[in-house]
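Letters A, B, ... are given to chains in the order of the sequence lines, protein chains preceding strands, and every chain is numbered from 1.
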2 protein chains.
Amino acid sequence: MDPQDLKKAGLKATHPRLKILEILEGSGKRHMSAEEVYKCLLDAGEEVGLATIYRVLTQFVVAGLVNRRNFDGGYAVYEISNAPHHDHMVCVDTGEVVEFCDEGIEMRQREIARKHGFVLVDHALVLYVRRPKAGE
Amino acid sequence: MDPQDLKKAGLKATHPRLKILEILEGSGKRHMSAEEVYKCLLDAGEEVGLATIYRVLTQFVVAGLVNRRNFDGGYAVYEISNAPHHDHMVCVDTGEVVEFCDEGIEMRQREIARKHGFVLVDHALVLYVRRPKAGE
DNA sequence: ATGAATGCAAAAACTTTGCATGACG
DNA sequence: CGTCATGCAAAGTTTTTGCATTCAT
């Protein structure tokens, strides 16, 4: 992702913003909390305040560069929005996150909303899953 | 719901617990935050601490008497679990909440989990919807 | 240079916890 | 009467905000 994308979003290409984008793209973890991004930056020797992380992530979400997700647990996680729409399953044992998309479910959601006199604006779907133990 | 149900859950039938159950069943709102339950009790002239509300609601959730839901917004809401499994749609304009259940979606979720080598333990689905404006 | 962005610390919002008092069975 | 539950206040978490300083253009 280029500094260009920041400018397009009306955001100056500042050091903290570039670093945060880099972390979200580069580090192995695709879903990170604000705190995780913060620690990651500290480890990299970068001086960025936690408040800035929150401010920047919120701006990125508004700009559509990043998605915010609520997987339970009392805090939000952020992911680069470089993939088309998808939902998530979270392993209740390991915390592992898998992304998936199912057009059948998507369609059904639109139908259900319509049936109740609404139009679908957005949705949040998280499957909580577990690896079957031997013999299940 | 009887004091019996509390005892079955290993909970003494105390005044606060009975009152909170009553509110969750009786007041028009089916989905209430801890704060809302608290205010409702104050309005009714009941002396119950907010901490007790949180403690009691958590106990009710563990006992299966009540469900906790996270509809975004930074706080949880609670609903009496007197209805079979269902999901929710929330109107982004009015906050109105509608419950629904769709066996097609349920089935698909189990399949998707299985396809990825997991078993479905639970899920959270919230549709964010809006009433169509004239001409949509 | 000038407005926007940052860092720090303080505060806000929601929820949990410690401890002495009081209520249930 | 013993134990569990409550109330209050304090602390915990996550996130936001005010304000002086610094940075990007």
Side-chain angles (χ1 to χ4, degrees), chain A residues 2-24 31-42 44-63 65-78 95, chain B residues 2-24 31-42 44-63 65-78 95:
Chain A
D2 285 299
Q4 292 303 343
D5 297 298
L6 287 180
K7 290 186 186 140
K8 277 183 206 152
L11 299 170
K12 287 183 183 172
T14 65
H15 188 75
R17 294 213 261 243
L18 291 170
K19 282 302 172 191
I20 292 170
L21 259 192
E22 208 174 284
I23 295 274
L24 287 173
H31 300 88
M32 301 180 77
S33 67
E35 196 79 32
E36 283 173 326
V37 173
Y38 178 59
K39 286 189 186 130
C40 205
L41 283 173
L42 287 193
E46 300 289 337
E47 291 283 321
V48 179
L50 183 54
T52 299
I53 311 269
Y54 276 105
R55 269 187 295 234
V56 168
L57 286 174
T58 302
Q59 293 160 346
F60 285 0
V61 169
V62 172
L65 299 173
V66 161
N67 297 126
R68 174 187 303 196
R69 307 282 184 179
N70 286 300
F71 291 163
D72 264 343
Y75 57 90
V77 296
Y78 301 83
Chain B
D2 285 299
Q4 291 304 344
D5 297 297
L6 287 181
K7 289 182 189 147
K8 277 182 205 154
L11 299 170
K12 287 182 182 172
T14 65
H15 188 76
R17 295 215 258 242
L18 291 170
K19 282 302 172 190
I20 291 171
L21 259 191
E22 208 174 284
I23 294 274
L24 286 173
H31 301 88
M32 301 179 76
S33 67
E35 196 80 32
E36 282 174 327
V37 174
Y38 178 59
K39 286 192 184 128
C40 205
L41 283 173
L42 287 193
E46 300 290 337
E47 292 282 319
V48 180
L50 183 54
T52 300
I53 311 271
Y54 277 104
R55 268 186 296 233
V56 168
L57 286 174
T58 302
Q59 293 160 346
F60 285 0
V61 170
V62 171
L65 299 172
V66 160
N67 296 125
R68 175 187 300 194
R69 307 282 184 180
N70 286 301
F71 290 164
D72 264 347
Y75 56 89
V77 296
Y78 301 82

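Heavy-atom nearest nucleotides on DNA chain C were determined for Thr58(B) and for Arg17(A), and the one closer to the 5' end corresponds to Arg17(A). Where Pro16(A) and Lys12(B) meet DNA chain C, the nucleotide closest to each residue was compared, and Pro16(A) sits on the side nearer the 5' end.
Contacts between residues 32-41 of chain B and DNA chain C, counted as heavy-atom distances below 4.0 Å, involve no residue at all. Listed in residue order, the members of residues 66-73 of chain B having a heavy atom less than 4.0 Å from DNA chain D come to none.
Going from atom CG of Leu41(B) over to atom CG of Leu50(B) covers 10.5 Å, rounded to the nearest 0.5 Å. Rounded to the nearest 0.5 Å, atoms OH (Tyr38(B)) and OH (Tyr54(B)) are 11.0 Å apart. To the nearest 0.5 angstrom, Arg68(A) atom CZ is 8.5 Å from Asp72(B) atom CG. The distance from atom CZ of Phe60(A) to atom CG of Leu11(A), rounded to the nearest 0.5 Å, is 6.5 Å.
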At a cut-off of 3.5 Å, list every protein nitrogen or oxygen paired with a nitrogen or oxygen from nucleotides 17-21 of chain C, distance to 0.1 Å.
residue: dG18(C); atom: O6; partner: Arg55(B); partner atom: NH1; Å: 3.2

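A straight line from CD1 of Ile53(A) to P of dT17(D) spans 17 Å, rounded to a whole angstrom. If you take CG of Leu6(B) and C1' of dT6(D), they are 15 Å apart, rounded to a whole angstrom. Rounded to a whole Å, the CD atom of Gln59(B) is 16 Å from the P atom of dT15(C). Rounded to whole Å, the distance from CD on Gln4(A) to P on dT25(D) is 11 Å. Rounded to a whole Å, the CG atom of Leu50(A) is 9 Å from the P atom of dT15(D). What separates NZ of Lys19(A) from P of dC23(D) is a distance of 16 Å, to the nearest Å. Remark: C1' of dC23(D) and CD of Glu47(A) are 16 Å apart, rounded to the nearest angstrom. Distance, Leu11(A) CG to dC23(D) P: 19 Å, rounded to whole Å.
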- Task: Would you check, one step at a time, whether the test side chain to side chain contact (heavy atoms under 4.5 Å, CB included) holds for Leu65(A) with Leu6(A)?
- Result: CA-CA 9 Å; Leu65(A) 299 173; Leu6(A) 287 180; 4.0 Å; yes
Going through the distances and angles, do Lys19(A) and Glu22(A) end up as a salt bridge (charged side-chain N to carboxylate O under 4.0 Å, His left out)? CA-CA 5 Å; Lys19(A) 282 302 172 191; Glu22(A) 208 174 284; 3.5 Å; yes
Q. Stepwise, does the side chain to side chain contact (heavy atoms under 4.5 Å, CB included) test hold for Leu24(B) with Leu57(B)?
A. CA-CA 10 Å; Leu24(B) 286 173; Leu57(B) 286 174; 3.8 Å; yes
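For the side chain to side chain contact (heavy atoms under 4.5 Å, CB included) with Ile53(A), the qualifying choice from Ile23(A), Thr58(A), Val37(A) is Val37(A), the only one to do so.
Minimum interatomic distance between Ser33(B) and Tyr75(B) (heavy atoms only, all atoms of both residues): CB-CD1, 3.9 Å. Taking both residues in full, the closest heavy atoms of Arg17(B) and Gln59(B) are given as NH1-OE1, 2.8 Å, listed atom of the first, atom of the second, then distance.
Taking side-chain N and O atoms only, Thr14(B) has no distance below 4.0 Å to OP1 or OP2 of dC4(D).
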